[in-house]
Amino acid sequence: MVATIKEIHRHSENTAEVVIADEAIARSARAGHFVMIRFSEDQPRIPFSIVDASPEEGTFTIIIHKGARLTHLINSLHPGRELPNLLGPLGQAFEVADYGTVLCIGDGEGFVPVLPVMHALKDAGCRVLTILSEFSEQNTCLVPNARRWSDELFHSANKERAAALITEIAAREKVDLIVMTGPSDLLRLLTETARSLGIPARCILNMIMLDGVGICGICRVMVGGERKLTCIDGPTFDAYEVDFTQLLNRQRNYV
C-alpha cells in the first residue's frame, strides 16, 4: 500500500504539520525515530522526526519547520497525495523511563526532534521543563506543541541565555536529566554547562543524511572515541561522549 498524505495543517508559509497514512510505520514508531521521505521522483530524500503516531488511525505526523528552501514543496502538498518513497521508522528509539525532572532544550528551528521525547517522558511520569532557545515570532507555531508536554516553559534569546537558564533552574530544584537538540555549537555549550553541574545529558543530533540507513556515511560522528552513524546508531547519544569539536569541523565541510 502506497503511503499518502491524510491531512495538512499549515502554520505559516514555511511551516506545516503533515499527517501521513502508513499503518506499518504508525505501529512501529517510537520517540526518537525518524523517516526518510521523497515527496516526488525528482526530489532528494529528506529526514523528518516522527513527532506523533496513531496506531489506531494508521497515521504518523511530521513537522516541516522553517524550511525556506521547502516553501514550494509545502505549497504543493495536499491530502490524498501519494509519496513515491518513504522509509522508516529509522534510528534508535529514545530510552524512556521515569527519570524524575527532565529539562528539555532546543533552538527554535531545531526544536522539533525533542517534541516526541517530551511527550513520551511526560507519559512516563516525568516532570518536564522546557527551554525554547533562539525564540522569535517565526517560532511561535512550535509553542503550543512545547507547552502541551511541559510543566514549565522558558524562552531564551540565544544559546548563552539557554545555558544560564540551566544553571538557574538547577539552583532551585534537582534536575535529573537534560535532553537537548539543535545546532552543534548550542549542544556543545549546553553539554559543558551540564557537565559542570553534574547533570546527565543526552543530545539528539540534527545531521545531513542522504539515505538514512548507513550507506553514505555523511552523518558519522565520534562518540566515546568510536565512529558512530547518526542514522543507525542515533540520533540520540550521551552528550558527554560526543566529540563536538570534531563534529563542528566536519559540518563546516558540508555547509
Side-chain angles (χ1 to χ4, degrees), residues 30-34 47-51 65 90-97 99 101-121 126 128-134 142 146 149-150 154 156 158-167 169-170 175-209 212 218-252 254-255:
R30 301 291 182 271
H33 282 152
F34 67 96
F48 293 98
S49 297
I50 300 174
V51 298
H65 179 53
L90 301 172
Q92 302 296 318
F94 188 93
E95 186 177 342
V96 177
Y99 296 103
T101 298
V102 182
L103 180 55
C104 295
I105 312 170
D107 82 317
E109 184 173 356
F111 191 79
V112 174
V114 82
L115 287 173
V117 173
M118 292 167 57
H119 184 174
L121 291 172
C126 297
V128 177
L129 310 179
T130 304
I131 297 175
L132 181 55
S133 181
E134 302 290 343
L142 292 179
W149 309 116
S150 303
F154 304 86
S156 66
N158 51 54
K159 62 180 182 292
E160 289 77 17
R161 179 54 185 155
L165 277 170
I166 295 177
T167 301
I169 294 170
V175 177
D176 300 288
L177 177 66
I178 294 175
V179 181
M180 62 185 81
T181 187
S184 298
D185 59 341
L186 170 68
L187 299 183
R188 179 167 63 178
L189 175 60
L190 299 185
T191 298
E192 293 170 354
T193 304
R195 194 193 304 272
S196 70
L197 297 170
I199 304 173
R202 299 182 192 174
C203 60
I204 305 172
L205 298 182
N206 294 319
M207 303 287 282
I208 295 173
M209 298 179 189
I218 290 177
C219 67
R220 65 184 181 274
V221 60
M222 296 301 294
V223 181
E226 298 181 2
R227 192 187 82 158
K228 300 289 186 180
L229 295 173
T230 302
C231 60
I232 58 177
D233 300 311
T236 303
F237 297 101
D238 182 335
Y240 288 4
E241 297 294 317
V242 175
D243 185 341
F244 286 108
T245 299
Q246 184 266 354
L247 176 57
L248 283 163
N249 288 336
R250 287 201 70 252
Q251 288 179 326
R252 291 188 185 102
Y254 293 99
V255 176

Are the side chains of [Y] and [X] in contact, using a 4.5 Å heavy-atom criterion?
{"X": "Pro116", "Y": "Ile50", "result": "no"}
{"X": "Pro235", "Y": "Met207", "result": "no"}
{"X": "Met222", "Y": "Arg227", "result": "yes"}
{"X": "Arg161", "Y": "Ile131", "result": "no"}
{"X": "Leu190", "Y": "Ile178", "result": "no"}
{"X": "Val117", "Y": "Val102", "result": "no"}
{"X": "Val221", "Y": "Leu205", "result": "yes"}
{"X": "Cys231", "Y": "Leu90", "result": "no"}

Where do [X] and [Y] come nearest, in terms of heavy atoms and distance?
{"X": "Ala201", "Y": "Asp238", "answer": "O-OD1, 3.5 Å"}
{"X": "Leu187", "Y": "Cys203", "answer": "CD1-CB, 4.2 Å"}
{"X": "His33", "Y": "Ala93", "answer": "NE2-N, 3.6 Å"}
{"X": "Leu115", "Y": "Trp149", "answer": "O-CD1, 4.2 Å"}
{"X": "Cys126", "Y": "Tyr99", "answer": "SG-N, 3.3 Å"}
{"X": "Pro47", "Y": "Phe34", "answer": "CB-CD1, 4.2 Å"}

Of the options Ile105, Leu132, Leu165, which is the one that meets Ser156 in a side chain to side chain contact (heavy atoms under 4.5 Å, CB included)?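 It is Leu165; the other options fail the test.
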
Rounded to the nearest 0.5 Å, how far apart are [atom1] of [X] and [atom2] of [Y]?
{"X": "Asp107", "Y": "Asn206", "atom1": "CG", "atom2": "CG", "answer": "8.0 Å"}
{"X": "Thr230", "Y": "Leu247", "atom1": "OG1", "atom2": "CG", "answer": "7.5 Å"}
{"X": "Thr101", "Y": "Asp176", "atom1": "OG1", "atom2": "CG", "answer": "5.5 Å"}
{"X": "Gln246", "Y": "Leu248", "atom1": "CD", "atom2": "CG", "answer": "9.5 Å"}
{"X": "Cys104", "Y": "Leu177", "atom1": "SG", "atom2": "CG", "answer": "7.5 Å"}
{"X": "Ile208", "Y": "Ile218", "atom1": "CD1", "atom2": "CD1", "answer": "7.0 Å"}

Pairing residues for Ile232 by the side chain to side chain contact (heavy atoms under 4.5 Å, CB included) criterion, not counting sequence neighbours: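 Side chain to side chain contact (heavy atoms under 4.5 Å, CB included) check on Ile232 returns Leu229.
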
Mark yes or no for whether [X], through its side chain, and [Y], through its backbone, hold a donor-acceptor pair below 3.5 Å.
{"X": "Ser49", "Y": "Val112", "result": "no"}
{"X": "Thr236", "Y": "Phe94", "result": "no"}
{"X": "Arg202", "Y": "Glu95", "result": "yes"}

Applying side-chain hydrogen bond (donor to acceptor under 3.5 Å, both in side chains), name anything that partners His119, two or more places apart in sequence or on another chain.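 Result, side-chain hydrogen bond (donor to acceptor under 3.5 Å, both in side chains) vs His119: Asp123.
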
Is there a side-chain contact (heavy atoms from CB on, under 4.5 Å) between Val242 and Thr191 once you walk through the steps? CA-CA 9 Å; Val242 175; Thr191 298; over 6 Å; no

